[in-house]
Amino acid sequence: MKYFGCLWIILLFGCSSNNKSIKVKGSDTEVNLAVQLAENFYKVNANFSIAISGGGSGLGIASLLNGQADVANSSRPLNEEEINLFKARKIELRTIVFAEDATAFIVQKDFPLDSIDVKGLSNILSGRYKTWKTITGQDVPVNIYGRQSNSGTHSFVRKKLAIEFSRDAKEMSGNAQIMEGVKMDVSGIGYVGAGYILQDGSDQPVKVLKITKKMGLPAVSPLDKDAINAGLYYFQRPLYQFIPTTSWKKVEAFIAFEKGALGRKIIQDSGYYIIN
């Protein structure tokens, strides 16, 4: 199993002994939220030390397998190969589903498209449509900005659309790079976490496409909280934290903070959704 990706962000909070030093690695979708939670956790638990880093869900999971992390943030469940590797190494895990996210598909702000159906999106991202002519009438090339294969978001979108991504798709290391690529490209399309857009502010230089399951049905925005709470958006998903049982006592207080009133408020204020 191969894992690729660069470290997106590292933040350290506090200074403590090893039994209260927590390493959290993984999903770029979750990394900004994890930083917010860690900052606020440290305010009331200053004897803990928390290191937060991104790089993708696959990297976080690999770090657990290699004994280099206490928590793997992941925007996808474990795959069969990973499950077998944990079993082979006799690593028992506890799985926490602590929030829900939606994947947003973005184009440049002036792009002549407000919504797209799942079939059209599949044809675009798979490379079946090389230009936008069938969708928008414009005979301009499709430029895809996506994530690397170790990304949980990459895996989630691929599975939801039942496609393989176009070989021409640009592989970016995180949400920020995708946003930058799309806002500079008049015919670009990319995907990022809806929580990332909401957290980064409402005045974005990109347009978030509404998604409809098929032509004729209502199109739904990933930024519509009521639609997400009703389960109406096609690309919404749970967010996971995988924790080795050997690390549980160390991270238990942090997990309890996430589930408490302040943790839940931070999750919601950051643009994510609470799973009841």
Under 3.5 Å donor-acceptor, Asn229 side chain and Lys225 backbone:
yes
Atom CZ of residue position Arg128 - does it have more than 12 heavy atoms of other residues, nucleotides or ligands inside 6.0 Å?
no
Side-chain donor-acceptor contact under 3.5 Å, Asn175 with Asp28:
no
State plainly whether the residues Lys25 and Glu30 are in salt-bridge range, i.e. N to O under 4.0 Å.
no
Do other residues, nucleotides or ligands put more than 12 heavy atoms under 6.0 Å from Glu92 CD?
no
For Ala69, does its backbone N or O pair with a side-chain atom of Ser63 as donor and acceptor, under 3.5 Å?
no
Under the 6.0 Å and 45° cation-pi test, does Arg76 pair with Phe156?
no
Counting N and O atoms only, with roles assigned by atom type, does the side chain of Asp70 sit under 3.5 Å from a partner on the main chain of Ser247, one being a donor and the other an acceptor?
no
Has Asn79 got a side-chain atom pairing as donor or acceptor with Glu82's backbone, closer than 3.5 angstrom?
yes
Quick one: pull up CD1 in Ile243 and CZ in Arg94 and give me the separation to the nearest 0.5 Å.
7.5 Å
Tyr196 side chain to Ala104 backbone, donor-acceptor under 3.5 Å
no
Pi-cation contact, Tyr234 with Lys160 (under 6.0 Å, within 45°)
yes
Residues Lys207 and Asp114 bridged, charged N to O under 4.0 Å
yes
Do Val192 and Ile197 touch side chain to side chain, with heavy atoms closer than 4.5 Å?
yes
Between Ser187 and Asn143, do the side chains contain a donor N or O and an acceptor N or O under 3.5 Å apart?
yes
I'd like to know if the side chain of Glu180 and the backbone of Gln177 have a donor-acceptor N/O pair within less than 3.5 Å.
no
Where does the angle between the aromatic ring planes of Phe165 and His154 fall among parallel (under 30°), tilted (30 to 60°) and perpendicular (over 60°)?
tilted
Please check: side-chain N/O of Tyr191 versus main-chain N/O of Arg147, any donor-acceptor pairing under 3.5 Å?
yes
